[in-house]
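The next block holds one structure in the form of structure tokens; read it before the comments.
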Amino acid sequence: MRRDHLLIPLAAFAVVLPLLAHGCSCGHDFGFHLQSWLEAASQFRHGTLYPHWAFASAYNAGEPRFVFYPPLSWTLGALLTLLLPAAYTTTAYTFLALTAAGFTMHRLASYFAPSRAALIATTLYLANPYMLFTAFERTAFAELLAAAWLPLLFFAALRRRPSVTGIALPIALLWLTNAPAAVMGCYAFAAITGVRLVLDLRRHYRAAHISEEPTLAPLSPFALAGTALGGTVLGLSLAAIYLVPAAYQRRFVQIAMAGIPNMRFDDNFLFGHTADEPHNAVLHTASLVALEILAATAVALAALYVVSRVRPTQPLSAGSEAPPNPLPALATLTLLIALLLLPLSAPVWRHLPELAFLQFPWRMLSILAVCMALTVAHAVSRTSLPA
């Protein structure tokens, strides 16, 4: 385990080597984030520890940027700006975000797989195409940091005994880091919990009516639902320092501007086409990345299913507990994401609360990347690969 803890930062360092060698990547959101970091750092120096108004934005007219943009990413960026030379700030941020994502993915994968398989999944998650696309092409630094909390959310949803605090922590961290990632994370958590509830209810019914030996989860379906609801409410409460002011002041801004042409969900389904050629190039790249991750996840799920049929799980020793089988939840989530990337899902995007503000359906690939890495870890753990 100690070896793994050393290898994870090394893997993150290998990913950021191009930035050290050639300088920072001035991607799509680079200017926005760097300006936010510099503005926040300036206000920190003057004693404003939680700024709300960005004075230099909108051609020095200012805007309430820090009210509506969650604080963790710009706070971390501002602190790095105060501590490091400007040339290394974004590289250090990317390294820290990837390292955090590696540790949380390793925590998730280690629950379902031995150390070596977990390390494979961790490396795959760190260097998956969408993570690199986010870090280098988009420089979407808040979304990059949010990728560190998604494995914690999966762990809270998939573990044998979910807890209220275990669910609340990643939900709060997501909302305090990146709102689109938080919306995706909450819907993914609801989908995983829904699958678990259906399976648990089915086991209860079969045990009660078909005289099968009960093989129930430690939590009853009602307890699981209550824990999920309580954890979600607590997580939103922990993020209230951002959510309450943003929700209250939303009436004072033109929130619909998030859905301008080329930024709407219906302009950004896989291999879509708009009148903006540079945007089409980005959409084409995102679509290719989506196909790669979808194909890899589908192959891993199929391999896991075959291995599970050929090599059933060995009986456990007395007193030990196996983690629940993640295959149904991961397969369901993968199928849902695949559908949400296609135009036929437009009514879903239009009517589900806040989903339209994700703007880009391919943002769902951050969720799918966790599914891919965890499926690989679980599949490898069912082979003869030694721990």
Side-chain angles (χ1 to χ4, degrees), residues 15-16 18-19 24-33 73 90 94 97-98 101 124-148 150 174 177-185 187-188 258-300 333-346 348-350 352 354-373 375:
V15 174
V16 302
L19 300 179
C24 58
S25 175
C26 299
H28 310 152
D29 296 343
F30 180 83
F32 171 84
H33 287 290
S73 69
T90 56
T94 303
L98 291 176
L124 182 62
Y125 184 61
L126 278 180
N128 80 80
Y130 186 70
M131 190 79 82
L132 301 180
F133 179 62
T134 301
F136 296 126
E137 176 71 14
R138 297 177 60 212
T139 54
F141 291 122
E143 189 174 332
L144 184 67
L145 183 61
L150 290 175
L174 282 170
T177 303
N178 183 250
V183 172
M184 293 186 294
Y187 278 120
I260 61 176
N262 298 335
M263 303 293 284
R264 299 172 298 199
F265 67 86
D266 45 1
D267 293 328
N268 289 279
F269 290 117
L270 292 192
F271 296 104
H273 189 80
T274 69
D276 186 348
E277 287 305 319
H279 180 79
N280 291 338
V282 175
L283 179 54
H284 184 75
T285 301
S287 300
L288 292 177
V289 169
L291 290 184
E292 292 171 0
I293 299 181
L294 280 169
T297 308
V299 170
L333 202 52
T334 299
L335 179 60
L336 289 175
I337 292 173
L339 293 175
L340 288 171
L341 295 175
L342 302 175
L344 59 88
S345 67
V348 178
W349 285 92
R350 194 170 292 114
L352 278 184
E354 307 301 328
L355 199 60
F357 288 102
L358 263 65
Q359 300 173 314
F360 312 124
W362 39 264
R363 272 180 163 153
M364 288 283 182
L365 297 176
S366 59
I367 304 289
L368 188 61
V370 183
C371 294
M372 176 184 66
T375 305

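FYI, side chains are in, hydrogens and waters are out, and symmetry mates aren't considered; it's all heavy atoms of this structure. The chain is numbered in sequence order, starting from 1.
Considering all non-hydrogen atoms of both residues, L174 and A146 come closest at CD2-O, 3.7 Å. Listed here is the closest heavy atom pair of L358 and P180: CD1-O, 4.0 Å. Nearest heavy-atom pair across A148 and A97 is CB-O, 4.2 Å. Among all heavy-atom pairs drawn from L150 and S366, the shortest one is CD1-O, 3.7 Å. Taking each heavy atom of H33 and A142 in turn, the nearest pair found is CE1-N, 3.8 Å. Minimum interatomic distance between L132 and L126 (heavy atoms only, all atoms of both residues): CD2-O, 4.4 Å.
One distance of note links OG1 of T297 with CG of L368; it measures 4.0 Å at 0.5 Å rounding. Here the CZ atom belonging to F136 is positioned 9.0 Å from the CG atom belonging to L144, to the nearest 0.5 angstrom.
Between F265 and F269, the ring planes lie perpendicular to each other; the angle is over 60°, past the 30° to 60° tilted range.
A 4.5 Å side-chain heavy-atom check between L352 and Y187 finds at least one atom pair inside the cut-off. Looking at D266 and W349, their side chains never come closer than 4.5 Å, going by heavy atoms from C-beta outward. Residues I293 and P129 have side chains in contact (heavy-atom distance under 4.5 Å, counting atoms from C-beta outward). In this structure, T375 and T334 have side chains that are not in contact, with every pair of non-hydrogen atoms separated by 4.5 Å or more. In this structure, the side chains of C26 and T139 stay at 4.5 Å or more apart for every pair of heavy atoms. The shortest side-chain heavy-atom distance between F30 and R138 does not fall under the 4.5 Å cut-off.
Applying side-chain contact (heavy atoms from CB on, under 4.5 Å) to M364 and the options L336, L333, L340 leaves one that passes, L340. Of the candidates L365, V289, L98, L124, M131 forms a side-chain contact (heavy atoms from CB on, under 4.5 Å) with just one, namely L98.
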*Under the side chain to side chain contact (heavy atoms under 4.5 Å, CB included) rule, what do N178 and L145 come out as? Steps first, then yes or no, please.*
CA-CA 8 Å; N178 183 250; L145 183 61; over 6 Å; no

*asked:* The test is side chain to side chain contact (heavy atoms under 4.5 Å, CB included); show your working for L339 and V348 and say whether it passes.
replied: CA-CA 10 Å; L339 293 175; V348 178; over 6 Å; no

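With sequence neighbours excluded, the residues forming a side chain to side chain donor-acceptor pair (under 3.5 Å) with E137 are H28, listed by chain and number. Applying the salt bridge (Lys or Arg N to Asp or Glu O under 4.0 Å) rule to D267 yields the partners R264; only residues at least two apart in sequence or on another chain are considered.
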Acceptor/donor pairs from residues 279-287 side chains to any protein atom, 3.5 angstrom cut, sequence neighbours excluded:
residue, atom, partner, partner atom, Å
H279, NE2, N262, O, 3.2
H279, NE2, N268, OD1, 2.8
N280, OD1, T274, N, 2.8
N280, OD1, T274, OG1, 2.9
N280, ND2, H273, ND1, 3.4
N280, ND2, T274, O, 2.9
N280, ND2, D276, O, 3.4
N280, ND2, E277, OE2, 3.4
T285, OG1, A281, O, 3.1
S287, OG, F271, N, 2.8
S287, OG, L283, O, 2.7

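Residues Y130 and E143 bring a donor and an acceptor atom of their side chains to less than 3.5 Å of each other.
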